[in-house]
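The next block holds one structure in the form of structure tokens; read it before the comments.
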Amino acid sequence: MEAMMTGMINNIFFIIFPIIIYQMLATAGQRNFFVSHRVTMTVLFSISIILCMLFPYQFLTDQYIFDLRQVPMIVGALYGGPLVSAVLFLVSSGGRFLIGGDGMYIAIFNQFVIAAGVPFLRPLYMRLKRFGKIVLVFCISIASLLFNMLAGAYFFGDPIHDIIGIWVMLIINQGTIIVLTALMIEHMQRQEYLYNSLLKHEKMETVSHFAAAVSHELRNPLQSIKGFIQLMKEYDYSREKQVEFHSLILKEINAAEDLIDDYLVYAKPTYGQLEPITVSTEVHHVLKIMAPYANGKDVKMQIGDMDETAEILVDRQKFQQALVNIIRNGVESMPDGGTLAIAAKSSPAKVWIEVTDEGVGMTKEEVQRLGEPYFSNKIKGTGLGMMVTYSIVSQMNGQIMVDSQKGKGTEFTLEFPNIATFEKK
Ligand code: ADP
Ligand code: MG
């Protein structure tokens with residue numbers, strides 16, 4: 001009994017370790033367990049199939065040696081689809097072939113039926129709710145064990161009434177484990193999905209803030225264009241005057257276009273390529289996008305000492321997003337208006353970008369909690385802005401330093417490796 005428990009627990013461990021590793025790999029952007037790590041998952045599931053076969057356990061009597069390889073096979077086929085299923089079949093049948101013995105062909109045939117049949121149930125499975133999914137995996141597991149039992153009885157003349165008790169226990173045993181495995185995967189997918197939709201929500205919220213500010217700001221150029229056109233209609237201006245009006249109108253149209261372009265850059269999705277950028281150009285750019293928002297809150301944005309030549313290696317849009325998040329927090333920390341200053345400095349090794357506000361500031365504890373998901377002191381805050389910012393900056397080999405005093409203000413410093421250090425290498 002003890003040996004059986006140990007063996008079974010080993011098998012269970014072999015099954016859940018890929019799932020645990022998967023959870024460590026999974027970061028953002030995927031909704032299906034297998035889709036974005038197909039290769040990794042196939043390898044991990046293959047390993048768990050092999051381990052299950054290498055360390056089977058005796059089930060109830062000495063004659064019955066059992067392992068849980070069907071669990072990764074069925075789960076893999078359901079979540080991964082036909083191709084993954086085919087690979088898992090090759091692995092498990094190859095393994096079974098090496099083990100050899102009486103039941104080899106039956107076992108391999110059984111594995112073939114699972115591998116070929118289960119992917120057909122996949123579309124149905126994906127449509128089912130959680131309870132339906134559990135029922136379906138349980139049924140698949142029963143069907144395949146019954147198949148083995150009947151084949152055993154038919155080919156080897158195992159007396160059915162002797163072994164039926166054992167098979168019932170096996171069905172419950174494997175069924176429970178496969179149900180738990182499916183539940184675990186579903187639970188993780190759900191969490192991942194929620195997490196991703198929250199991140200999206202955070203970005204959407206920023207974008208919609210801008211949309212409001214930008215469309216407000218667009219009114220100015222449109223108003224003056226309208227004004228000029230009305231003037232030209234009402235009076236008979238000289239050719240010279242008209243040309244002057246035309247160029248003024250064109251200027252306003254260009255201003256409007258720039259505003260829209262700037263806004264679009266921020267709203268577009270990012271792809272994560274690193275490229276060399278000039279810090280001051282990007283800072284000016286971000287300040288321009290943020291200007292309508294800051295104006296609306298009575299905040300003056302000021303450029304301090306600016307190293308005009310400093311360059312760093314980053315993903316342009318993510319860098320902008322990080323700056324936008326920090327500046328936005330700075331603006332929001334000054335409900336009665338104030339000044340937000342930005343500066344950039346560099347040494348041969350590092351580049352620093354400093355964002356200083358005169359806002360409400362934070363206590364030491366609050367500073368420590370920055371970047372923690374959902375930490376927010378705002379009524380409509382998401383508490384995701386800084387989390388995203390920290391993760392973006394560290395992805396780009398940067399660091400964030402925070403110096404804050406309650407009631408006085410906050411200084412955020414972003415530190416990046418100077419591009420000069422890359423070029424030397
Ligand atoms: P949100 O802005 O949605 O609240 P963030 O992750 O952007 O979420 O910020 C988390 C919290 O950190 C804010 O609610 C605020 O309390 C604090 N914080 C961030 N930046 C500043 C700042 N410049 N001044 C004061 N408090 C800040
Ligand atoms: Mg924020």
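Both counts, for ligands and for their atoms, begin at 1 and track the order of listing. Keep in mind that this is a model prediction, so the values were computed, not measured.
Proximity of Asn377 to ligand 1, defined as any heavy-atom pair under 4.0 Å, is shared by backbone and side chain alike. Contact annotation for Ser376 and ligand 1: heavy atoms of both the backbone and the side chain come within less than 4.0 Å of the ligand. At a heavy-atom cutoff of 4.0 Å, ligand 1 is contacted by the side chain of Phe412 but not by its backbone.
Heavy-atom contacts of Met386 reach the following atoms of ligand 1: 5 (P), 6 (O), 7 (O), 9 (O) (cutoff under 4.0 Å).
When the options Thr356, Asp357, Leu384 are ranked by their closest heavy atom to atom 23 (N) of ligand 1, first place goes to Asp357. For atom 1 (P) of ligand 1, the nearest non-hydrogen atom from the set Gly409, Gly385, Gly383 belongs to Gly383. The option with the heavy atom closest to atom 7 (O) of ligand 1, from among Val388, Val367, Asn329, Ile326, is Asn329.
The nearest N, O or S atom of Met386 is not closer to the Mg ion (ligand 2) than 2.8 Å.
Between His246 and Met232, the closest side-chain pair of non-hydrogen atoms falls below 4.5 Å.
Counting heavy-atom neighbours within 6.0 Å of Phe109 CZ, excluding the residue itself, gives a total of 12 or less. By the 6.0 Å contact criterion, CG on Leu83 is open, its count of non-hydrogen atoms from other residues, nucleotides or ligands being 12 or less. Atom CE of Met401 has more than 12 neighbouring heavy atoms from other residues, nucleotides or ligands inside a 6.0 Å radius.
Checking only distances, Met387 never comes within under 3.5 Å of ligand 1, N or O to N or O.
Look at Asn325 and you'll find every heavy atom at least 4.0 Å from all atoms of ligand 1.
Taking NZ of Lys133 as the reference point, atom CG of Leu183 lies at 10.5 Å (rounded to 0.5 Å). For the atom pair Ile49 CD1 and Leu90 CG, the distance stands at 10.5 Å (nearest 0.5 Å).
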